[in-house]
Amino acid sequence: MHAGLRITAFAAALAATFGTAYGVGKGVDQVVEDPAPARHESHGEAKPDTEDAGGHGGHETAPAGGLQISEGGYTLDLRTPTVTAGKRAELSFAIRDSAGRAVTAYQREHEKELHLIVASRDLVTYRHLHPTRAADGTWSIPVELPRAGGYRVFADFTPAKKGAENLTLGADLAAAGSFEPQRMPAPNGTVKVHGYEVRLDGGLRPGKASELKLNVSRDGRPVKNLQPYLGAYGHLVALRSGDLAYLHVHPNGEPGDGSTKPGPQISFTATAPSSGTYRLFLDFKHEGRVHTAEFTVRAGASTTATEAPAHDEGTEEHGH
């Protein structure tokens, strides 16, 4: 997921935005009714290759998403393209159909109509958010980004239209301020998050399904009572360094289906669309708090046992 950061391009893009802030008000009422919940389907993912994945009935990712602002007749209309680093701002957007109308009906997947990911171009800052939709189709949520620079916003959703497929659309976001590039964390197989230790076993393989096993422990003891978060014991997002190609994978099995246990291990099946460096972001919930463990991996290479820091938001809307 991690290619080199192009500082010159960033500087040019940000020069026009420094000192500018955008405020977006709440001018419409919130939606009262939501469509009926859908089954725990994969987000735009192909059926698993059980031979490559060790026979686990999980999810294998389709080609990466998030590289286009428009796809399948839908467009991500980001109404807040610029914020100021370190200051709270209202992030506002809409999903528009081919006629330019704001979409107001979505399938509920993993307990939400839409999942919003915000990640810095250097993949050091990551947010998994769940905005509120107003009656006119406008989505909004307050955000506070810690550092100036370029960011990518991903909207992961499925329209309620019959036969509609899951889409992940992406748009660029700039955070104005004094920009200092950050170095991507080195590949790592173990991270610590507020007293928890998460170990990654397995790796990504270009063009082939592979199993990723994440083991959660605390104080040297395995955590065997993870709590469901958005209908699963864990959620994993992978972003490719350089272009921030987006993969959204889910655990092999669901809580209550008899195939999974509430820890200490969470198993995923994923396929890297290409070789390269990726950042993996694992969300898991324990004792009422959501934590995010972050890993750097290279597709086609085994993970290492070195430790690296991870960030922990402690709330459902990561990064608040």
Side-chain angles (χ1 to χ4, degrees), residues 1-7 9-10 43-46 48-49 51-54 56 58-67 117-126 128 149-152 154 168 170 181-193 197-216 234-252 265-284 292-311:
M1 301 198 300
H2 310 304
L5 181 64
R6 299 182 179 178
I7 300 175
F10 276 156
H43 282 198
E45 297 154 355
D49 181 340
E51 180 178 350
D52 282 323
H56 292 269
H59 304 260
E60 176 188 348
T61 59
L67 298 177
I117 302 296
V118 180
S120 60
R121 280 285 175 181
D122 57 18
L123 294 173
V124 173
T125 301
Y126 173 83
H128 181 174
Y151 289 78
R152 189 73 173 170
F154 302 93
T168 300
Q182 300 290 312
R183 178 175 296 183
M184 175 130 6
N188 55 307
T190 303
V191 298
K192 292 184 177 180
V193 188
E197 184 174 273
V198 184
R199 186 183 78 250
L200 170 63
D201 295 325
L204 294 174
R205 292 191 293 172
K208 292 185 178 181
S210 60
E211 187 176 22
L212 302 171
K213 297 178 180 179
L214 294 118
N215 296 270
V216 183
H235 284 263
L236 187 67
V237 169
L239 296 174
R240 182 172 59 192
S241 177
D243 61 359
L244 272 62
Y246 175 100
L247 306 179
H248 198 172
V249 296
H250 298 282
N252 295 327
Q265 185 178 94
I266 314 170
S267 173
F268 299 84
T269 300
T271 302
S274 70
S275 59
T277 303
Y278 293 76
R279 285 280 276 170
L280 307 182
F281 301 92
L282 171 71
D283 296 335
F284 66 95
T292 302
E294 305 177 0
F295 300 86
T296 300
V297 300
R298 293 194 176 100
S302 300
T303 57
T304 65
T306 58
E307 293 183 357
H311 80 242

Which heavy atom in [X] sits nearest to a heavy atom in [Y], and how many Å separate them?
X      : Y      : answer
Leu244 : Ser120 : CD2-O, 3.9 Å
His128 : Asp283 : ND1-OD2, 2.7 Å
Ala209 : Thr269 : CB-CG2, 4.0 Å
Ser210 : Leu204 : OG-CA, 3.7 Å
Leu280 : Leu200 : CD1-CD2, 3.9 Å
Val191 : Asn188 : CG1-ND2, 2.9 Å

To the nearest 0.5 angstrom, please state how far the [atom1] atom of [X] sits from the [atom2] atom of [Y].
X      : Y      : atom1 : atom2 : value
Lys213 : Ile266 : NZ    : CD1   : 13.5 Å
Leu212 : Phe295 : CG    : CZ    : 10.0 Å
Phe268 : Glu211 : CZ    : CD    : 10.5 Å
Leu123 : Tyr151 : CG    : OH    : 11.0 Å

Q. Side chain of Arg152, backbone of Gly170: donor and acceptor closer than 3.5 Å?
A.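 A pair under 3.5 Å: yes.
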Q | Which residues share a side-chain contact (heavy atoms from CB on, under 4.5 Å) with Arg199, sequence neighbours left out | A |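 Per chain and number, Arg199 pairs via side-chain contact (heavy atoms from CB on, under 4.5 Å) with Thr190, Asp201, Asn215.
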Q: Check side-chain contact (heavy atoms from CB on, under 4.5 Å) between Ser274 and all other residues, then give those that pass, not counting sequence neighbours.
A: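 side-chain contact (heavy atoms from CB on, under 4.5 Å) check on Ser274 returns Arg240, Tyr278.
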Is the shortest heavy-atom distance from the side chain of [X] to the side chain of [Y] under 4.5 Å?
X      : Y      : value
Phe154 : Val237 : no
Leu214 : Phe284 : no
Ile117 : Tyr126 : yes

